[in-house]
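Working notes, structure below.
Read the numbers this way: they start at 1 and go in the same order the structure lists the ligands and their atoms.
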Amino acid sequence: MTDLTFAELNLSQPILQALTDMGFEEPTPVQEKCIPPLLQQKDVVGQAQTGTGKTAAFGIPLVQQTDISIKEVQTIIMCPTRELAIQVTGELIKIGKHLDGLHVVPVYGGQSISRQIKALKRGAHVVVGTPGRTIDHLRRGTMKLDHLQRVVFDEADEMLNMGFRDDMEQILSYASQPVQTIMFSATMSKGIRKIMNRYMDNPETVAIERKKMTAPNIEQYVVEVRDSVRTEAICRFMDINDFKLALVFCNTKRKTEKVSRELRSRGYSSDFINGDLSQNQRDRVMGKFRSGAIDILVGTDVAARGLDIDDIEAVFNYDIPQDPEYYVHRIGRTGRAGRSGMAITFSTKSKKKQLRTIERQIKNQLNPLDLPSTADVQKSRLAGEMDGLVEVLEKGNLRPFIDQIESFTDDRFTTVEIAAALLKKRTEAPDQQEEAAGENGQSQSHNYDDSAMVRMHFNVGKKNNVYPGDLVGAIAGESNVPGNVIGNIDIFPHHSFVDIPGKHVKQVLDIMNRNRVKGKKIRVKVA
Ligand SMILES: Nc1ncnc2c1ncn2[C@@H]1O[C@H](COP(=O)(O)OP(=O)(O)OP(=O)(O)O)[C@@H](O)[C@H]1O
Ligand SMILES: [Mg+2]
């Protein structure tokens, strides 16, 4: 709760109108504290938890102070990623909606520079950029900072990290007069604070301190599972909690592709984002995620800071972030603007130390949580099916269904058993199912109907330490009668498929795992 209203913050009518249009009823604490000194042209350092409105905290005053009649760049806002530059641009355009002629231009790599040159030529008042492309425009002379009055570093601690600091100094060197310097982030270590002060003149520091660095409405859990079970674990948590959108963080680009592929192979709509993608691909993936066309986005830390997507209800740390501050930003993609969210970090015994470092940093303990069993998932799936049953019954018009049930004349079964069978039929797991890893990550085979033919899919080759010869042995070994194999096998360069009756699935799996000299337990996919 804050004391002041937006109207008491000396904001112009067009901006007040825009804030109402955006559904902003009252300023958040960081907005209430930062807007007045920013309107007085002071340098400001603003620190507040993720999802608490820092963008509008700097956006509102800078839009209000923009002189539309001067068709020159008066503000530049620097962001660490392209997606964030695009998002901040969108928020500023909304804030300036009723200011005719306000021109906010995003400049970032991966987008055609000629398009940006054209937009700048039309006279940009505010530029929101990533450092590389901003310097590019300054060097070419397609962007000038002769009228620059203020610079904003969003995710300032990241912008002043080794990677960006030189760029920032270069950009500031193009300003022909001292400018108002504004720095915002959810995380600001003491070291970074010292560096910030080098660029600022007696800044007003606003820190919306909380005991904990992470947003209070995010439930934070740690789940101890074998690495090979993490994707399965994500699926079970998705099923049990019926999350709308989820974000999964991996520490490497390659893993983002692998995990996203594993999720898709289990029937979940997923895609991945990392720095190797072209800008068009990144825009497309972000668009699909924001629109809900995909439920699970798997990303590297390129997606960790600043991104504001309403329906992210869960964040999974597939890998524990190397940098504890990134833990704060990653989980801050959920639980925004007062909404609740869930953050689940996967860990193993050997990663305990890393976890402790993070808990110290965020001054918070992660709650241990068990991996839901397949029975738990099934139970929640069944419970989900029962939701809304009363409405259907109350709505009536059941005659055709009642006739159907009454026409089912097999009197060996009671009506309850028939209803249960219908429910079972409706909630059978999809045909494509991966070997469900057991509670401790040991593979266990589903019980398939004995005689039903099952097509088991094995990734073969050195990496998987599975060879077609092993498979031939496995499907012949147990039958002991030479030539009398229990199934047949299709061998391809990287995959082999074994077609066998359901009753032999476990047997083949056991032989394959028993004969293995190294490598993880085999998990087979039923193709
Ligand atoms: N006064 C307000 N009232 C209601 N919603 C708001 C208000 N200010 C901002 N929001 C909304 O809150 C969400 C989070 O805002 P924003 O992205 O600026 O957070 P942030 O503090 O920058 O987070 P992060 O540290 O992750 O970058 C956005 O959807 C924004 O529209
Ligand atoms: Mg932000």
Side-chain angles (χ1 to χ4, degrees), residues 1-9 11 15-35 38 44-63 77-97 128 130 152-159 182-188 206-210 212-218 245 247 249 290 299 301-313 315 325-341 343 362:
M1 275 308 278
T2 52
D3 316 331
L4 295 176
T5 64
F6 278 120
E8 289 162 321
L9 287 174
L11 299 178
I15 287 196
L16 289 173
Q17 182 54 50
L19 297 177
T20 311
D21 298 351
M22 292 165 80
F24 291 9
E25 282 156 20
E26 57 174 18
T28 63
V30 70
Q31 291 164 2
E32 184 191 346
K33 296 264 181 321
C34 289
I35 290 175
L38 286 171
V44 170
V45 174
Q47 179 180 3
Q49 289 163 333
T50 52
T52 55
K54 292 187 288 296
T55 314
F58 62 74
I60 292 169
L62 78 83
V63 167
I77 300 169
M78 301 315 305
C79 301
T81 64
R82 304 164 176 180
E83 283 72 22
L84 192 50
I86 294 166
Q87 178 185 293
V88 169
T89 302
E91 188 95 339
L92 294 184
I93 289 172
K94 283 188 222 164
I95 295 171
K97 180 175 136 190
V128 189
T130 49
V152 180
F153 292 8
D154 193 11
E155 305 298 334
D157 54 329
E158 180 66 8
M159 300 319 287
I182 301 158
M183 302 217 180
F184 274 84
S185 181
T187 53
M188 283 183 193
V206 172
I208 309 294
E209 290 294 350
R210 287 263 188 288
K212 298 171 181 164
M213 205 189 263
T214 48
N217 31 340
I218 304 173
L245 296 182
L247 195 41
F249 285 103
R290 284 185 189 276
D301 280 333
V302 76
R305 281 179 176 258
L307 292 188
D308 182 63
I309 298 168
D310 286 355
D311 291 335
I312 295 179
E313 295 181 332
V315 167
E325 291 188 328
Y326 263 87
Y327 173 85
V328 172
H329 287 281
R330 284 183 179 187
I331 72 163
R333 294 320 98 210
T334 188
R336 300 175 71 75
R339 286 184 291 270
S340 61
I362 62 171

Under 3.5 Å, is there a donor-acceptor pair between the Glu8 and Thr5 side chains? yes
Does Lys94 pair with Asp21 as a salt bridge, N-O distance under 4.0 Å? no
Can you tell whether the side chains of Arg339 and Asp310 come within less than 4.0 Å, N to carboxylate O? yes
Taking the side chain from Gln31 and the backbone from Thr28, do they hold a donor-acceptor pair closer than 3.5 Å? yes
Salt-bridge contact Arg336-Asp308 (side-chain N to carboxylate O under 4.0 Å): yes
May I have the step-by-step check of side-chain contact (heavy atoms from CB on, under 4.5 Å) for Arg333 and Ile309, ending in yes or no? CA-CA 7 Å; Arg333 294 320 98 210; Ile309 298 168; over 6 Å; no
Between the protein and ligand 1, are there any N or O atom pairs that come within less than 3.5 Å of each other, and if so, what are their names and distances?
unit_1	atom_1	unit_2	atom_2	d
ligand 1	1 (N)	Glu26	O	2.9
ligand 1	1 (N)	Gln31	OE1	3.0
ligand 1	8 (N)	Gln31	NE2	2.8
ligand 1	17 (O)	Arg336	NH2	2.8
ligand 1	18 (O)	Lys54	N	3.4
ligand 1	18 (O)	Thr55	N	3.0
ligand 1	18 (O)	Thr55	OG1	2.7
ligand 1	19 (O)	Gly53	N	3.3
ligand 1	19 (O)	Arg336	NH2	3.3
ligand 1	21 (O)	Thr52	N	3.1
ligand 1	21 (O)	Gly53	N	3.2
ligand 1	21 (O)	Lys54	N	3.1
ligand 1	21 (O)	Lys54	NZ	2.7
ligand 1	23 (O)	Gly51	N	2.8
ligand 1	23 (O)	Arg336	NH2	3.0
ligand 1	25 (O)	Lys54	NZ	2.7
ligand 1	26 (O)	Arg333	NH1	2.8
ligand 1	26 (O)	Arg333	NH2	2.7
ligand 1	26 (O)	Arg336	NH1	2.7
ligand 1	26 (O)	Arg336	NH2	3.3
ligand 1	27 (O)	Glu155	OE2	3.3
ligand 1	29 (O)	Asp308	OD1	3.3
ligand 1	29 (O)	Asp308	OD2	2.6

